[in-house]
Colleague: 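Please see the structure below; I have some questions.
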Amino acid sequence: MSLIHGGIPGPPLNIEGVSAGEPPAGIPGARLLFSLDPGVSYLNHGSLGAVPIGVQRAQQRLRDEIEGNPVKFHTQGLLDRIVHTRRHLATFLGADPDGSALIPNTTTAVSLVLQSVRLEPADEVLLTDHGYGAVALAARRRCRRDGATARTVALPLGAADGEIVSRIRAALRPSKTKLLIVDQITSATAAAFPVREIVAAARRHDIPVLVDAAHVPGMLPVDVGELGADFWVGNLHKWAFAPRGTALLAVAPAWRRRIEPLVVSWEQEQGFPLSVEFQGTLDYTPWLAAPTGLFTLRTLGWDTVRAHNAALAAYGQRVVGAALGLGPAELPRSGEPELAMRLVPLRSGLATTTPEAVELRQHISEKLAVETQVTAWGGRGFLRLSAQVYNRADEYDRLAERLPGLLSAWQR
Ligand SMILES: Cc1ncc(COP(=O)(O)O)c(C=O)c1O
């Protein structure tokens, strides 16, 4: 029985290869479910996901329906369809369907939450140094508006769960910290944080917590209700195969009446969640097609998908790390064996800033026809490798063969 961050005991997964050193067996036919360019090794599912063809078709059927009669689609039953979809997605995540809202993405949800929190000049929003850049920018802008402070707590890369919790606990200032924002799976450092324990530590001081779980839906099992966070947001357009523009924001009962949508629409008087979900004339087809993404996950077998992806990401990390001269002890731990994204540290001085990381990512893409993510964190550059059902072990082998030469020729 593995204990999943997020609190629920997950089913035992057979993550072959994580310790044995062998890549997992591929999932037959899985690559054919996607329309990815066959000439590219797509090892960066984590950034923007990839939408299965069946989900693309489901969305296109909805668009065809709209264009057959736009007024009918938007005025007869659209809200019911949104509510029905929300129930489906919230149930998958263990979130209360009446206390959750469909929302285009995590970025939007973070601004919405920040806007709903009251801040005085001496107050602060607490973040970690592993947080997503745009989330930190939103917190800083929100704080500036009321003369408050966005403060960052530093967490060493690869820190054990106990150290993460105790550093965050020590950074909380009960009378001043009005919101703690913490990632469940970090972006730049591909680490899982023990959010259940972090939420419990903050709750002891009545400090509200926003969990940025952008990468969680589809990658880890989660029981959002049981986590007890005040706010939790996850993207379904990354690992749950939904069309881009699909996320779910879950809000604890005490906050629901205080949530004000960023844009006032005809559903304003309905209150949360419909006031947040309905935002005028928009394309709602990503949400309505999202259940087909979950159907795809379940058809492939969600346990099989997670075990495959975690084992393949670990394999990729190991072979690419070995090619760069890094042994297992030099590869950052993810904090969770089920993660489908892993980091490989780059030599010191390489891609140490975000612009340099972007430049190197583009160079790898152009020269090797491999899509990866390159992140800069703590003055160090990292290659972030994702694994998804459409990937094969030989894609990581090929990257391992060619990357060292490319990096040694890379002068900046
Ligand atoms: C941890 C984290 N938070 C927030 C985001 C922003 O997500 P979106 O672009 O869907 O708003 C991302 C995107 O990768 C992320 O990794």
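Model, not experiment: these values are computed from the prediction. What's counted below: heavy atoms across the whole structure, side chains too, no hydrogens, waters or symmetry copies. Numbering of ligands and ligand atoms starts at 1, following listing order.
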Colleague: Just checking, is any N or O donor in the side chain of S111 or Q115 under 3.5 Å from an acceptor N or O on the other one?
Modeller: no
Colleague: Under 3.5 Å, side-chain donor or acceptor atoms of residues 321-333 against the rest of the protein: list the pairs with distances, not counting sequence neighbours.
Modeller:
residue	atom	partner	partner atom	Å
E330	OE1	G327	N	2.7
R333	NH1	A159	O	2.8

Colleague: Pairs of nitrogen or oxygen atoms, one from ligand 1 and one from the protein, closer than 3.5 Å: please tabulate them with distances.
Modeller:
residue	atom	partner	partner atom	Å
ligand 1	3 (N)	D212	OD1	3.2
ligand 1	3 (N)	D212	OD2	2.6
ligand 1	7 (O)	N235	ND2	3.3
ligand 1	10 (O)	N235	ND2	2.9
ligand 1	10 (O)	H237	NE2	3.0
ligand 1	11 (O)	T106	N	3.3
ligand 1	11 (O)	T107	N	2.8
ligand 1	11 (O)	T107	OG1	2.5
ligand 1	14 (O)	K238	NZ	2.6
ligand 1	16 (O)	H215	NE2	2.9

Colleague: So, do I164 and I198 sit near enough that their side-chain heavy atoms are less than 4.5 Å apart?
Modeller: yes
Colleague: Nearest heavy-atom pair of A387 and L312: which atoms, and what distance?
Modeller: CB-CB, 3.8 Å
Colleague: Do any pairs count as a salt bridge (charged side-chain N to carboxylate O under 4.0 Å, His left out) and have a residue in residues 106-126, sequence neighbours left out, and if so which ones?
Modeller: D123-K178, E124-R151, E124-R173
Colleague: Excluding sequence neighbours, so at least two apart, what forms ring-ring contact (aromatic ring centres under 6.0 Å, His included) with W255?
Modeller: F231
